[in-house]
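Just so you know, residue 1 is the first one in the sequence shown, and it goes up from there. Only a predicted model underlies this, so the values are computations on that prediction, with no experimental measurement involved.
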Amino acid sequence: MNRRTKIVAVSAAVLLTLGAGGMAAASAEDSHRSAAAPAAVSEAAALTGSAKLYRPAGDDITFSFDAHLAEKDRQDPMKATGTFRFSHYKGDWGGYAKVKVDCLTTGGKVAVVSGVVVETDVKEFRKARVGVTVHDAPGGDRLGYTWMTADPQKDKVPPCISGAPFEKVEKGTGDFEVVPWEFVYPTE
């Protein structure tokens, strides 16, 4: 075998090995994705992701969302499902809440989600309805919420209502994704 034939043979063997390895890796990746990922579900709207709010004083305030409105429920945002969570800690003070979603509306990159607190260690939040607004902005996500009052139990929040996104999200923590909802107008 001459030198040129050896180089071609070795090159072909390397390419076949890399190709087969790449195909095996891709196949393993694809099969893992197929097995692990649920079937794609058509959604009319969604809000997912998490972030930590910017607080120069050191407060640890986080939000996470997993809220969805199925395509079949497009005309009724109060059929949204999912949960969201928030927590606020500073030193040995603070608390958390888990909320069952009861409404989700989105428009462009802004989402408003509301729900009833189903789990918490803060007495004032037990069974209260709360709302959160998220702006999924390329220059930095923002967030707003409804419980700026002293008593979320007394100051009832209607479904699908929240404050403007006045809070800044800490740099590098916002990974919100908003699927925009589009109302379908009835035709005559």
Are any of the side-chain heavy atoms of [X] and [Y] separated by less than 4.5 Å?
{"X": "Val130", "Y": "Phe125", "result": "yes"}
{"X": "Glu43", "Y": "Glu71", "result": "no"}
{"X": "Val99", "Y": "Phe86", "result": "yes"}
{"X": "Ser50", "Y": "Asp175", "result": "yes"}
{"X": "Arg55", "Y": "Glu170", "result": "no"}
{"X": "Asp66", "Y": "His68", "result": "yes"}

What heavy-atom pair brings Gly49 and Phe176 nearest, and what distance separates the two atoms? C-CD2, 3.9 Å
Arg129 versus Pro159, closest heavy-atom pair with distance: CD-N, 3.6 Å
Residues in side-chain hydrogen bond (donor to acceptor under 3.5 Å, both in side chains) contact with Arg85, at least two apart in sequence or another chain: none
If hydrophobic clusters are built by linking Ile, Leu, Val, Met, Phe, Trp and Tyr wherever their side-chain heavy atoms come under 4.5 Å apart, do Val179 and Val112 end up in the same one? no
For Ala45, what residues pass the side-chain contact (heavy atoms from CB on, under 4.5 Å) criterion, not counting sequence neighbours? Leu69, Leu104, Thr106, Trp181
To the nearest 0.5 Å, tell me how far [X] [atom1] sits from [Y] [atom2].
{"X": "Phe166", "Y": "Thr133", "atom1": "CZ", "atom2": "OG1", "result": "9.0 Å"}
{"X": "Arg142", "Y": "Lys168", "atom1": "CZ", "atom2": "NZ", "result": "6.0 Å"}
{"X": "Asp59", "Y": "Lys52", "atom1": "CG", "atom2": "NZ", "result": "9.5 Å"}
{"X": "Leu47", "Y": "Phe84", "atom1": "CG", "atom2": "CZ", "result": "9.0 Å"}
{"X": "Glu167", "Y": "Leu143", "atom1": "CD", "atom2": "CG", "result": "7.0 Å"}
{"X": "Glu119", "Y": "Tyr96", "atom1": "CD", "atom2": "OH", "result": "3.5 Å"}

Could you tell me whether a side-chain N or O of Ser114 sits under 3.5 Å from a main-chain N or O of Gly131, the two making a donor and an acceptor? no
